[in-house]
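Encoded as structure tokens, the structure appears first; notes follow it.
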Amino acid sequence: MALRIATWNVNSVRTRLDQVCAWLQAEAPDVLCLQETKVADDLFPHTAFEALGYRAVISGQKAYNGVAILSRQPIEDVRVGFAALLPDDPAAVELGEQKRVISAWIEGVRVLNLYVPNGSALTSQKYPYKLEWLACLRRYLEAQDAQGEPLAMVGDFNIALEARDIHDPERLSGGIMASDPERQALRDALGDRLEDVFRVFEPDAGHWSWWDYRTGAWDRDTGWRIDHIYLSEELLACATACVIHRDQRGNEQPSDHAPVTVRLAWPTDPAEDGDGEGDDAGGW
DNA sequence: ATGTCTGGCGAAGCCAGA
């Protein structure tokens, strides 16, 4: 039994629809989590994904933010926003105005899809919002932990946790997406329960998931690794690969982010004696 | 290295956000 989960900040799902569909056909992940869908729920392009065998659950808004979970496997128990687990937390309710959080139960895994606020600049009012959001994420994950579910938390975290996650750590450390307060806030949220699975397989620098449109970053390969997949202990033991699909950043009219995928595999139950349903297509 | 790309508004270029 194998489950492949992907995450991709697509910077408008309608603008990127053909690229996302082509990538789904090429890679055929079981689950694809999208961020920055930038579309109201009644305009989400469900039919294009259904034609490829994916059902989508969504939390979107006009123009900004927006998250979605696409799955070939049955989707159960969808939770939208922090307030789904923190109904009595005023901050959780207020932060729900921006659509950045959705989770679902898929094949025995709690898939949590996040679009962490960017923060803009250390001097911006958006920066304290980012810290407040991360503090709420900590409370949310404590409530999630109490559910006792295997957890795969994926998304655009807009934070590079370590020097090896930035192309020029000397210049960029301490600035937005690499400041101590936001790094500590994310580490506090992660606790000792969640592990960045990419680092299980790749210890070196030079692996990025985001290249700024503005600075010719793709041509210079001056990127950041800010799109992450965090696994709880029991899923970490099942992880067989974690890959950044950087080729997608080289598309015509690309998103500024590349997809990231994780493959989870566990022994097939002998009682089922199935053929694995051909889940190993794609080679990772 | 304030540059590039997106959507909104509204009908063409500006603005905000990243």
Side-chain angles (χ1 to χ4, degrees), chain A residues 7-23 33-46 48 58-68 94-101 113-134 137 154-161 165-179 181-183 185-186 208-228 244-260:
Chain A
T7 177
W8 196 0
N9 179 323
V10 288
N11 188 15
S12 173
V13 69
R14 288 182 292 177
T15 298
R16 230 65 66 192
L17 187 58
D18 290 349
Q19 288 178 50
V20 176
C21 287
W23 190 77
C33 295
L34 301 176
Q35 304 88 37
E36 283 206 90
T37 52
K38 293 189 173 179
V39 64
D41 288 353
D42 56 329
L43 296 175
F44 189 88
H46 284 285
I58 60 180
S59 178
Q61 64 187 93
K62 188 164 71 170
Y64 304 114
N65 309 314
V67 285
E94 183 138 340
L95 292 169
E97 289 176 15
Q98 297 188 15
K99 306 309 179 189
R100 300 174 175 274
V101 179
N113 179 18
L114 302 179
Y115 174 45
V116 177
N118 173 280
S120 188
L122 300 185
T123 52
S124 168
Q125 277 307 107
K126 299 190 185 76
Y127 181 66
Y129 183 90
K130 183 179 195 175
L131 296 179
E132 184 188 358
W133 197 95
L134 290 164
L137 175 62
V154 314
D156 174 3
F157 287 81
N158 270 315
I159 294 171
L161 275 176
D165 299 322
I166 319 175
H167 67 273
D168 187 350
E170 288 73 22
R171 182 167 63 89
L172 298 167
S173 292
I176 193 67
M177 299 194 293
S179 69
E182 62 192 292
R183 283 175 164 175
L186 178 53
W208 322 126
S209 67
W210 174 76
W211 296 258
D212 199 329
Y213 285 129
R214 291 169 289 189
T215 52
W218 174 246
D219 292 332
R220 298 149 49 97
D221 196 25
T222 52
W224 298 55
R225 197 179 67 85
I226 57 176
D227 300 271
H228 306 152
I244 302 174
H245 297 254
R246 59 174 284 141
D247 60 300
Q248 293 302 302
R249 184 60 176 80
N251 289 345
E252 288 284 320
Q253 284 198 297
S255 168
D256 42 354
H257 296 255
V260 184

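Just so it is clear: chains get the letters A, B, ... in the order the sequence lines come, proteins before strands, and each one is counted from 1.
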I'd like the 5' and 3' limits of the part of DNA chain B contacted by chain A, with heavy-atom contacts below 4.0 Å. B:dA1 to B:dA18
Hey, which of these two, A:K62 or A:Y115, hits DNA chain B nearer its 5' end, going by closest nucleotide? A:K62
State, yes or no, whether a side-chain contact exists between A:D212 and A:W210 at a heavy-atom distance under 4.5 Å. yes
Please report the shortest heavy-atom distance between A:S209 and A:I244, naming the atom on each side. CA-CG2, 4.2 Å
Which is true for A:T15 with a 4.0 Å heavy-atom rule: it touches a base, it touches only sugar-phosphate, or it touches nothing? sugar-phosphate
Taking the same atom, P, in B:dC5 and in B:dG10, what whole-Å distance lies between them? 26 Å
Flag side-chain contact, heavy atom, 4.5 Å: A:I226 against A:D156: yes
Taking the P atom of each, how far is B:dG7 from B:dT2, in whole Å? 25 Å
Salt-bridged, A:D221 to A:R246, with N to O below 4.0 Å? yes
Could you check whether the rings of A:F157 and A:H228 sit parallel, tilted or perpendicular, using 30° and 60° as the cut-offs? parallel
In whole angstrom, give me the gap between the C1' atoms of B:dA16 and B:dG3. 16 Å
If you look at every strand shown and take non-hydrogen atoms under 4.0 Å, does A:R16 touch a base, only sugar-phosphate, or nothing? sugar-phosphate
Indicate yes or no: at least one non-hydrogen side-chain atom of A:Q98 is less than 4.5 angstrom from one of A:W133. no
On DNA chain B, more 5' by nearest nucleotide between A:K38 and A:D256 is A:K38
For the residue pair A:W211 and A:A258, what are the closest heavy atoms and their distance? CZ3-CB, 3.9 Å
Quick one, which residues of residues 116-130 of chain A touch DNA chain B with a heavy atom under 4.0 Å? A:N118, A:K126
Nearest non-hydrogen partners of A:S173 and A:R183, listed with the distance: OG-NH2, 4.3 Å
